[in-house]
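Note on naming: letters A, B, ... go to the chains in the order of the sequence lines (proteins, then strands), and numbering restarts at 1 for each one.
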Amino acid sequence: MARLQPVRGTHDILGDKAIRFRTIYNIFRSVAERYGHEEIDTPIFEFTETFKRTLGDTSDVVTKEMYTFEDRGGEQVTLRPEYTAGIARAFISNGLQQVMPCKFYSYGPIFRYERPQKGRMRQFHQMDIEILGVPEAQADIEVLAIASDLLNELGIGDHITLELNSLGDPESRNAYRDALIAYFGGYKSQLSEDSLKRLEKNPMRILDSKDEGDRALIENAPRIGDFYNDYTKEFFKEVIGGIEDIGIKYEINDRLVRGLDYYSHTAFEFTTDQLGAQGAVIAGGRYDGLMEMMGGPKTAGIGWAAGMERLAELISEDLLEKSARPVVIAPVGNDAQSMAMKIAHDLRAGGIVVDMAYRGNVGKRMKRANKQGASHAVLIGEAEMARNVAMVKNLDQGSQEEIALDKLASYLAEQRL
RNA sequence: GCGGGUGUAGCUCAGUAGGUUAGAGCGCCAGAUUGUGAUUCUGGAUGUCGCCGGUUCGAAUCCGGUCACUCGCCCCA
């Protein structure tokens, strides 16, 4: 136990947890496909440069959280710390601007070297949604609608708040940025150490600070809404109107920001207060500047990522997909055993879930069948074999009946409806 | 990366003025019942007391370190 432990911040997914993951993923996929999204699966690692370019050299993810290593060929590669960069790269690599718009969904592991905590692991799983090539606000609305539908179908919509903001187009955003630098620049002596650094590299991130001294300053800091130009105002209005029309509740949070330059317009987070410090369950935004920054054609983009582990903690037991109850075959004696395998095979070919009670006397095997949650036990011994029948016991009712082997599949199929 | 809490059987946990072979419930295995399952009864195995080192005649218990989990900071999904 001490020796064979998993790497810090990684977990085995089995049992109840695996069922939760599967349940959530299936709902996610069905919602995404209903919106016309198709599956994309990009490699789990990329050239390190891909992430550095997209995430920026100042972000925490790039500067201290990436799993980066040199492969045997001397290439610097990185386990993906987020989805968007890989999908954007795939878009460019595959020349997908020819087939725009592209609506994708994806699911898989993500890696970040962070201090593990509840809801925060080093290998965790995200579901991802992206729309590429749609600069219109309709994409923003659809992407939010997918998130909202997903949460509702997971039965947790009521416990989650959508916080929404607009970062504006580049013009609005730059004006705001300058105003922030001017404002906080006047209080340098009062800013926390972290925020001082942000002032130079990423002034909008100061708004995220939880430092008490900072918070007082932030209270009176300029508001982004005052810097929106007409286009930005119109765009934001359209997004808000669109989600109101389909009944999505939201709260405007004008302190919700994304520090990186390629973000614009819509930014949002779905958060819950039920997971402690790690409250964001889905987060995303519009990144119209990203493709160009990566060296591709200028292409609008918007998307979000959802944390599988966090959602898995929130959903109710009732939602879980129960696996089908098996029919368990209990042979008695060596001859029956080989025949049992054949019978099992035939039943399985007919779509029936069949398990075997592998060993022991009849009592033991029945006990086994019960433990496996079987609906029926199929008993085959010498007496039955001689007459080409099987004894089929309904484990819920305790009744049993002799059934001819060639009728077994149809009998069970009917019984188990 | 910083600060606090925790670490005993597969699971949930008892077990401190340091004292023989470390406990309970659940679960697991076997038998009562060699052709009939959830009950019941009987019996059994649970284990480097997270790991390494120190103090001591003697450490699950005290001390130091380390690893992991956990809560907060940070960051985010």
A/Arg115 atom CZ is separated from B/C74 atom C1', nearest whole Å, by 11 Å

Using a 4.0 Å heavy-atom cut-off across all strands, classify A/Gln117 as base, sugar-phosphate, or nothing. base

If the C1' atom of B/G19 is compared with that of B/A60, how far apart are they to the nearest Å? 13 Å

Tell me whether the guanidinium CZ or amine NZ of A/Arg173 lies under 6.0 angstrom from the six-membered ring centre of A/Phe227 and within 45° of its axis. no

Check the side chains of A/Thr232 and A/Asp169 for a donor-acceptor pair under 3.5 angstrom, ignoring hydrogens and angles. yes

B/A9 and B/C2: how far apart are their P atoms, nearest whole angstrom? 30 Å

What is the distance, to the nearest angstrom, from the CD atom on A/Glu114 to the P atom on B/C71? 14 Å

If I take atom CG in residue A/Asp16 and atom P in nucleotide B/C11, what distance separates them, rounded to the nearest angstrom? 16 Å

When both distances are under 3.5 Å in a Watson-Crick or G-U wobble arrangement, the nucleotide paired with B/C69 is B/G5

Taking CZ from A/Arg122 and C1' from B/C67, how many angstroms apart are they, rounded to a whole number? 12 Å

Are any of the side-chain nitrogens in A/Glu317 or A/Arg20 under 4.0 Å away from the carboxylate oxygens of its partner? yes

Just wondering, are more than 12 heavy atoms of other shown residues or ligands nearer than 6.0 Å to CD in A/Glu244? yes

Without hydrogens or angle criteria, can the side chains of A/Gln76 and A/Thr68 be said to hold a donor-acceptor pair below 3.5 Å? no

Atom CG of A/Leu395 and atom P of B/G37 are separated, to the nearest Å, by 10 Å

Look at all strands and tell whether A/Arg8 reaches a base, only sugar-phosphate, or nothing, counting heavy atoms closer than 4.0 Å. sugar-phosphate

Taking the same atom, C1', in B/A22 and in B/A32, what whole-Å distance lies between them? 31 Å

Taking the P atom in each of B/U61 and B/G7, what is the distance between them to the nearest angstrom? 12 Å

Whether the A/Glu33 and A/Tyr105 side chains hold a donor-acceptor pair (N or O, under 3.5 Å, no angle test) is what I'd like checked. yes

Whole angstroms only, please: what is the CD1-P distance between A/Ile156 and B/A77? 17 Å

Evaluate the ring planes of A/Phe28 and A/Tyr25, with Trp represented by its six-membered ring, and classify them as parallel (under 30°), tilted (30 to 60°) or perpendicular (over 60°). tilted

NA contact type, A/Met308, heavy-atom cut-off 4.0 Å: base, sugar-phosphate, or nothing? nothing

Return the value, rounded to whole Å, for the distance between atom CZ of A/Phe268 and atom P of B/A77. 11 Å

Output the rounded distance in Å from NZ (A/Lys393) to C1' (B/A38). 11 Å

Applying the Watson-Crick and G-U wobble criteria at under 3.5 Å, what pairs with B/G43? Answer none if nothing qualifies. B/C29

Distance criterion of 3.5 Å, no angle test: do you see the side chain of A/Lys118 paired donor-to-acceptor with the base of B/U70? no

Could you tell me whether A/Leu311 contacts a base, only the sugar-phosphate backbone, or nothing, with contacts defined as non-hydrogen atoms closer than 4.0 Å? nothing

Can you check the distance between B/G31 and B/A38, where both ends of the measurement are the P atom (answer in whole Å)? 14 Å

With heavy atoms under 4.0 Å as the rule, sort A/Glu384 into base, sugar-phosphate or nothing. base

So what does A/Ala305 hit on the nucleic acid, given a heavy-atom distance under 4.0 Å: a base, only sugar-phosphate, or nothing? sugar-phosphate

For A/Gly360, report the nucleic acid contact type (base, sugar-phosphate, nothing); a contact means any heavy atom under 4.0 Å. nothing

Can a donor-acceptor pair under 3.5 Å be found between the side-chain atoms of A/Arg120 and the base atoms of B/C71? no

Pair of N/O donor and acceptor under 3.5 Å linking B/G37 base with A/Lys371 side chain: no

Could you work out the separation of B/G50 and B/C67 based on their C1' atoms and round it to a whole Å? 8 Å

Any A/Gln400 side-chain nitrogen or oxygen under 4.0 Å from OP1 or OP2 of B/U36: no

Using a 4.0 Å heavy-atom cut-off, does A/Ala374 contact any base of the nucleic acid, only the sugar-phosphate backbone, or nothing at all? nothing

On a whole-Å scale, what distance lies between the C1' atoms belonging to B/G23 and B/C62? 22 Å

Kindly say if A/Lys364 contacts the phosphate of B/A30, meaning a side-chain N or O under 4.0 Å from OP1 or OP2. yes

Which part of the nucleic acid does A/Glu382 contact within heavy-atom distance under 4.0 Å: base, sugar-phosphate only, or nothing? base

Taking atom C1' in both B/U46 and B/A59, what distance in whole Å separates the two? 23 Å

